[in-house]
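Numbering starts at 1 and runs along the sequence shown. Below, all heavy atoms of this structure are taken into account, side chains as well, without hydrogens, waters or symmetry copies.
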Amino acid sequence: MKYAILIYALLSFCACRQQPRPAQDVVSTDSIVGNTLPAKSRTAYYLDSLGFVNIAEADSSIAIELMYTHADNFTGQVLYEGLHEAYLHPEAMESLSKAQRLLKELHPAYSLIVYDAARPMSVQQRMWSVVKGMSKYIYVSNPTHGGGLHNYGLAVDLSILNEQGRPLPMGTPVDYFGKEAHITQEEELVRSGRITAQERNNRLLLRQVMKEAGFRPLPNEWWHFNRYSRQTAKEKYPIIP
């Protein structure tokens, strides 16, 4: 009897040791190899729910570097505290992918890089508050007048990366507010030495692929392109609150 009790105890102990760990204690393979994807921001989930398209998910060949996620922009402030992803309206996204394909056909090693895309009206209001009363206000759409095409997900700020992944020189940085950034008198800018001929050619390349894809350039910002007119956007498309 004493030996039987001992054997039973040993068998019970072994059975307990062989029980699997609870699921919450199991470390996933992705975590071990460092392949876990960063969680989306709350604003990204909100834009998903509205039907807008994450550019990186729709076309991973397009580079993304949102300039308002850090303070190194014309406002000197971080405006996208709750957004780290670039979104567009599906129709604008379709055209952007076409522009990327057209660029790759001309220069296979080049790529578009997006600096800003869909912008909630709440962010537009913060941006306007920074420039209101300053000379820069002419470059920012007033929210009380309906905002701009970024607020519909129908505008994109972008440039081109070269073979080394560096932005092509365009004569000015993105978000530079001055005549050197205008596209209406580029020949004169070249003649006066304010931009180089190569910088103008780079702008022409960007405009070529964007216009062929259906976008419209903005006269005073070489980096800004609208998919539709403001009137069309107001009539047919929802604004991002």
Is there side-chain contact between [X] and [Y], with heavy atoms separated by less than 4.5 Å?
X    : Y    : result
W223 : L206 : no
F74  : V140 : yes
R203 : I195 : yes
R42  : Y45  : no
I55  : V114 : yes
E81  : R126 : yes
L158 : M210 : yes
M67  : D116 : yes

Is there a donor-acceptor pair under 3.5 Å between the side chain of [X] and the backbone N or O of [Y]?
X    : Y    : answer
E180 : R194 : no
N151 : R119 : yes
T43  : G82  : yes

Salt-bridge contact E186-R191 (side-chain N to carboxylate O under 4.0 Å):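 The answer is no: the pair does not qualify as a salt bridge.
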
Salt-bridge present (E57, K40; N to O < 4.0 Å):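 The answer is yes: the pair qualifies as a salt bridge.
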
Which atom pair, heavy atoms only, marks the closest approach of [X] to [Y]?
X    : Y    : result
S111 : K104 : CB-NZ, 4.2 Å
V130 : Q77  : CG2-NE2, 3.6 Å
L161 : P167 : CD2-N, 3.6 Å
S95  : F215 : CB-CE1, 3.4 Å
A58  : V53  : CB-CG1, 3.6 Å
G147 : R230 : O-NH1, 3.4 Å

Under a single-linkage definition using a 4.5 Å side-chain heavy-atom cutoff for Ile, Leu, Val, Met, Phe, Trp and Tyr, are [X] and [Y] assigned to the same hydrophobic cluster?
X    : Y    : answer
I64  : L88  : yes
L154 : L112 : no
V174 : L96  : yes
Y152 : Y80  : no
F52  : L79  : yes

Pair R200-E187, salt bridge (charged side-chain N to carboxylate O under 4.0 Å, His left out): steps then yes or no: CA-CA 8 Å; R200 180 172 186 259; E187 291 184 4; 3.7 Å; yes

Give a yes-or-no answer on whether the side chains of [X] and [Y] include a donor-acceptor pair shorter than 3.5 Å.
X    : Y    : value
S141 : Q124 : no
D175 : Y68  : yes
Q231 : E235 : yes
H150 : D157 : yes

Residues I160, L103; criterion side chain to side chain contact (heavy atoms under 4.5 Å, CB included); working and verdict: CA-CA 9 Å; I160 298 174; L103 177 62; 4.1 Å; yes

Stepwise side chain to side chain contact (heavy atoms under 4.5 Å, CB included) test for Q100 and D59: CA-CA 9 Å; Q100 175 79 332; D59 191 337; 4.1 Å; yes

Could you grab the distance from atom [atom1] of [X] to atom [atom2] of [Y], nearest 0.5 Å is fine?
X    : Y    : atom1 : atom2 : result
L83  : L47  : CG    : CG    : 6.5 Å
S229 : K236 : OG    : NZ    : 9.0 Å
L205 : M170 : CG    : CE    : 7.0 Å
L50  : I239 : CG    : CD1   : 12.0 Å
E105 : E212 : CD    : CD    : 8.0 Å
K98  : M93  : NZ    : CE    : 13.5 Å

From CA spacing to verdict: side chain to side chain contact (heavy atoms under 4.5 Å, CB included), R207, I183: CA-CA 10 Å; R207 290 206 293 274; I183 68 174; 3.4 Å; yes

State whether the number of non-hydrogen atoms from other residues, nucleotides or ligands found under 6.0 Å of [X] atom [atom1] is greater than 12.
X    : atom1 : answer
N142 : CG    : yes
E94  : CD    : no
E188 : CD    : yes

Y228: which of E91, K234, R216 passes side-chain hydrogen bond (donor to acceptor under 3.5 Å, both in side chains):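 Of all the options given, the one that passes is E91.
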
Stepwise side chain to side chain contact (heavy atoms under 4.5 Å, CB included) test for Y115 and L66: CA-CA 4 Å; Y115 295 112; L66 294 183; over 6 Å; no

